[in-house]
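So the structure is just underneath, and the comments pick up after that.
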Amino acid sequence: MRHINIAIDGPAGAGKSTIAKAIAKKRNLIYVDTGAMYRAMALYFLRKGIASDDVEAIEQEIPKVDVSIHYENGEQIVMLNGENVNALIRTPEVGNMASTVSVHKKVREKLVELQRALAVKTSVVMDGRDIGTMVLPDAKVKIYLTASVDVRAGRRQAELAEKGIVSDFETVRQEILDRDKRDMTRKHSPLCKAEDAVEVDTSDMSMAEAVEAIEAVVAEREQAGAKQSI
Ligand code: DC
């Protein structure tokens with residue numbers, strides 16, 4: 001089978017993970033959720049009581065943080081120094097910490113190296129904020145997924161509700177706006193659309209429709225690639 005990497009970037013709540021998972025399953029590719037790696041790193045700093053702006057302490061600790069991933073029944077398991085932290089990294093607190101610690105160059109360097117190594121070995125669908133621009137600039141398919149802030153806040157609120165967490169819409173919306181701002185304006189690898197990415201706005205789409213739209217882009221790119229190599 002030909003090696004094909006699919007990069008999906010976009011802001012929180014655009015539907016990246018749902019869509020990436022569906023595409024990976026359909027095409028029998030490995031799904032790599034890079035946000036989970038930043039979340040695992042963030043959990044480490046939260047547990048240590050290290051503030052997200054304490055650059056010195058963060059850089060000192062980085063060599064002691066081992067983040068790795070493996071797969072069980074097709075599900076990505078994130079290990080933090082040998083501990084499965086999947087169940088601990090989905091809280092808003094960890095998400096916000098991930099966004100604030102991911103501004104640091106050394107944090108990014110460590111995780112980007114791990115992400116690139118995964119995509120060399122096997123074809124992947126990788127989602128995050130800098131996949132098309134930084135991690136896999138040569139990915140065959142690049143998607144920039146977006147949706148209005150109200151729609152994204154609504155999805156996030158529904159996700160929390162599914163976990164039994166009651167949240168206030170305005171608070172969730174404001175958190176998303178703050179996170180967008182931080183992720184899009186940071187100095188190192190800010191979230192932005194790669195020049196050769198296809199932008200898909202999922203505001204008015206169901207997840208099934210969004211998967212179909214992305215699948216059409218992937219198929220089209222694959223065909224173009226096949227023609228080029230004839
Ligand atoms: O996708 P997520 O919500 O799990 O990501 C959490 C944070 O991690 C996000 O706000 C910014 C950071 N992140 C990043 O900087 N680069 C990535 N490739 C993935 C996530």
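Start at 1 and go down the list; that is how both ligands and their atoms are numbered.
- Counting protein heavy atoms only, atom 6 (C) of ligand 1 is closest to Arg179 NH1, 3.4 Å.
- With ligand atoms numbered from 1 in the order given, ligand 1 contributes 9 (C), 10 (O), 11 (C) to contacts under 4.0 Å with heavy atoms of Asp183.
- Ligand 1 has a nitrogen or oxygen under 3.5 angstrom from a nitrogen or oxygen of Thr34.
- With sequence neighbours left out, the salt bridge (Lys or Arg N to Asp or Glu O under 4.0 Å) criterion links Glu220 to no other residue.
- Residue-ligand proximity: Arg182 is placed with every non-hydrogen atom at 4.0 Å or more from ligand 1.
- Using a 4.5 Å heavy-atom threshold, the side chains of Asp127 and Tyr31 count as touching.
- Here is the list of ligand 1 atoms found below 4.0 Å of a heavy atom in Ser102: 11 (C), 12 (C), 15 (O).
- The closest approach between Arg186 and ligand 1 falls below 4.0 Å for a heavy atom of the residue.
- No side-chain donor from either of Thr18 and Arg155 sits under 3.5 Å from a side-chain acceptor of the other.
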Set out, in order, the CA-CA distance, both residues' side-chain angles and the distance that settles salt bridge (Lys or Arg N to Asp or Glu O under 4.0 Å) for Glu215 and Arg27, then state yes or no.
CA-CA 10 Å; Glu215 182 54 44; Arg27 295 180 163 260; 2.7 Å; yes
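- Evaluation of the salt bridge (Lys or Arg N to Asp or Glu O under 4.0 Å) rule for Asp201 yields no partner, not counting sequence neighbours.
- From the protein, the heavy atom lying nearest to atom 8 (O) of ligand 1 is Tyr38 CB, 3.5 Å.
- Within 6.0 Å of CD in Glu83 there are more than 12 heavy atoms belonging to other residues, nucleotides or ligands.
- Ranking protein heavy atoms by distance to atom 4 (O) of ligand 1, first place goes to Arg39 NE, 2.7 Å.
- Separation of atoms CE (Met126) and CD (Gln115) is listed at 5.5 Å; rounding is to 0.5 Å.
- An N or O contact shorter than 3.5 Å links Arg108 to ligand 1 by distance.
- Remark: minimum distance from atom 1 (O) of ligand 1 to any protein heavy atom is reached at Arg129 NH1, 2.9 Å.
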